[in-house]
Chemist: 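Handing you a structure now.
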Amino acid sequence: MYIPLTLPLLREGVWIGFSAWIEAVTVPGPGLILAGYAVIVAIVIALALTPPSIAANAPLAPYPVERPVKSLIIHNCRLFLGSMIGLGFIGVLFTSGIERLEHLVCAAVGALLLQLGHLDEVNAAQADAVLELLGDEPLQGYDRWYAKQWGRPRAGRQVRARASLVRRKLWIVVLMMLVHLGVLVAYIAVVHGTAGLARHWATVLFLSSATSVVNLLIIDAVLAASLAIRHSKGSRYSTWVSHPETYFALLAIGAKILAVAAMAALPVLWMNAENRQTSLAYLVFLALEMLCILAVVLLLVHRWVSSGVVPPEPLGRYDGDEMAVRLKKRAARDRAAIRGAVAYRRHHAAAVASGQIS
């Protein structure tokens, strides 16, 4: 959703009129999106059915075999599904007729696939080399490993309801948006008066909301990357570059830099002798906001990845609740994959015993 709306601003100029901005928005066709997703899922299925290499046959992580390339592609599949939903809704807003209906169907298909969890089902189908490493009691072994990694039993902590956390995220985004909106409106009012506000109101709303959402997205992405790094501590994939969550966190930080650059274009293009002090004050605000986000990122990484804190103490209430929810979901997914592999091994052994397969 962010890219189709931002490209016209980069192509035509950040402060174009609202009607020209709307006309310049283009969305990929739903057929192209669905075809791209079909190709990615085909690759995931091929990787899931391919036996791992000899070097990977070592029980170093919560799951018997670590396969980061496949995990990266599956993670990108989930991101692609989110893109399908977002682009579908953008297409519904900016198209008409049968094309609007196609985009609506594409968004519905993306939402359905995201809820079905078919990617985890594909990931649970493992090759024989993986099944041999499950052991006799893989779920109990996973719980012991979990307690060692996180310093507490898997089911020994109360987790805040997901709906409550979502409401808190919404309030944080609204608060940050109001701060950016107030500063940006004050700057335009000083430089161009009410005429400037009337001309650029749509762009002001978009940039204020976009940078606020990106701020929270960075925090969540850094927390996800920190969880992945600590979750696999002690294995050969414990470094930060080995996880797809890190890849997404870097993308989020890059989006933040682009958002700040877009918002800084206004005072740079409009600066003159009369508004120099006001423009410099607004640039200082953007720089301080960027430094605050980077400082929070560094503090979160140090708190959650540092090997000297077991169990790690949260930086605040938000990251503590967010990590508890993410860790509960991660453990449920790991255990579901192990149960799927155990069922697959049981069915495979029964088929061999009955002579159905050799």
Side-chain angles (χ1 to χ4, degrees), residues 1-26 86 89-90 93-94 167-222 250-300 316 318:
M1 297 177 66
Y2 182 75
I3 294 176
L5 293 174
T6 307
L7 285 179
L9 300 180
L10 298 178
R11 186 170 58 246
E12 305 292 339
V14 175
W15 304 106
I16 62 175
F18 179 70
S19 59
W21 180 22
I22 297 303
E23 293 176 359
V25 172
T26 56
F89 283 114
I90 290 294
L93 294 175
F94 292 97
R167 287 194 297 269
R168 183 183 298 176
K169 290 174 185 282
L170 180 60
W171 281 112
I172 292 174
V173 169
V174 170
L175 180 61
M176 289 190 294
M177 179 181 172
L178 290 176
V179 172
H180 277 279
L181 191 62
V183 174
L184 191 53
V185 167
Y187 171 72
I188 295 179
V190 171
V191 176
H192 281 290
T194 56
L197 291 176
R199 174 175 172 77
H200 302 302
W201 65 271
T203 308
V204 167
L205 284 175
F206 173 72
L207 290 177
S208 300
S209 58
T211 191
S212 303
V213 171
V214 168
N215 285 345
L216 190 63
L217 188 65
I218 289 175
I219 301 303
D220 288 348
V222 169
L250 293 176
L251 283 180
I253 294 175
K256 173 61 179 177
I257 294 174
L258 289 177
V260 171
M263 299 185 75
L266 176 62
V268 171
L269 293 176
W270 286 354
M271 187 181 299
N272 54 41
E274 297 179 356
N275 60 37
R276 186 179 303 277
Q277 291 184 349
T278 305
S279 299
L280 290 176
Y282 181 66
L283 290 174
V284 169
F285 165 76
L286 292 179
L288 290 176
E289 192 249 358
M290 184 71 184
L291 290 176
C292 288
I293 292 296
L294 293 178
V296 170
V297 167
L298 292 176
L299 288 174
L300 289 175
Y318 177 83

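Predicted, not measured: the structure shown is a model, and the values here were computed from it. Throughout, numbering of the chain's residues begins at 1 and tracks the sequence.
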Chemist: What verdict does the side-chain contact (heavy atoms from CB on, under 4.5 Å) test give for V284 and L288, after you've listed the backbone C-alpha separation in whole Å, the side-chain angles of each residue and the deciding distance to 0.1 Å?
Modeler: CA-CA 6 Å; V284 169; L288 290 176; 3.9 Å; yes
Chemist: Passes side-chain contact (heavy atoms from CB on, under 4.5 Å), K256 versus V260? Steps please.
Modeler: CA-CA 6 Å; K256 173 61 179 177; V260 171; 3.6 Å; yes
Chemist: Testing I172, V179, L178, V174 for side chain to side chain contact (heavy atoms under 4.5 Å, CB included) with M176, which one passes?
Modeler: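 Checked I172, V179, L178, V174 against M176; only one passes side chain to side chain contact (heavy atoms under 4.5 Å, CB included): I172.
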Chemist: Hey, does N215 have a side-chain heavy atom less than 4.5 Å from the side chain of H180?
Modeler: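 Yes, their side chains come closer than 4.5 Å.
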Chemist: In Å and rounded to the nearest 0.5 Å, what is the CG to CG distance from L286 to L291?
Modeler: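 With rounding to 0.5 Å, CG (L286) is 11.0 Å from CG (L291).
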Chemist: Nearest 0.5 Å, please: how far is CD1 in I188 from CG in L184?
Modeler: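 Answer rounded to 0.5 Å: 4.5 Å.
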Chemist: Between atom CG of L207 and atom OG of S212, what is the distance when rounded to the nearest 0.5 Å?
Modeler: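 Here the interatomic distance stands at 10.5 Å.
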Chemist: Taking all atoms of both residues into account, what is the closest heavy-atom pair of R168 and Y318, and its distance?
Modeler: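 Scanning both residues completely, I find the closest heavy atoms to be NH1-CA, 3.6 Å.
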Chemist: Is the closest side-chain heavy-atom distance between I218 and V297 below 4.5 Å?
Modeler: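 In contact.
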Chemist: Give, for atom CE of M271 and atom CG of L283, the distance between the pair rounded to the nearest 0.5 Å.
Modeler: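 M271 atom CE to L283 atom CG measures 5.0 Å (nearest 0.5 Å).
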Chemist: When the ring planes of Y187 and Y282 are compared, do they come out parallel, tilted or perpendicular, using 30° and 60° as the limits?
Modeler: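 Y187 and Y282: parallel rings.
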Chemist: May I have the step-by-step check of side-chain contact (heavy atoms from CB on, under 4.5 Å) for I257 and M290, ending in yes or no?
Modeler: CA-CA 8 Å; I257 294 174; M290 184 71 184; 3.6 Å; yes
Chemist: List the steps, then state whether side-chain contact (heavy atoms from CB on, under 4.5 Å) holds for V190 with N275.
Modeler: CA-CA 8 Å; V190 171; N275 60 37; over 6 Å; no
Chemist: Any chance you could measure I253, atom CD1, to L217, atom CG, to the nearest 0.5 Å?
Modeler: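 Reported value, rounded in 0.5 Å steps: 10.5 Å.
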Chemist: Hey, does the side chain of T211 reach the backbone of S208 with a donor-acceptor pair shorter than 3.5 angstrom?
Modeler: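 Answer holds: no.
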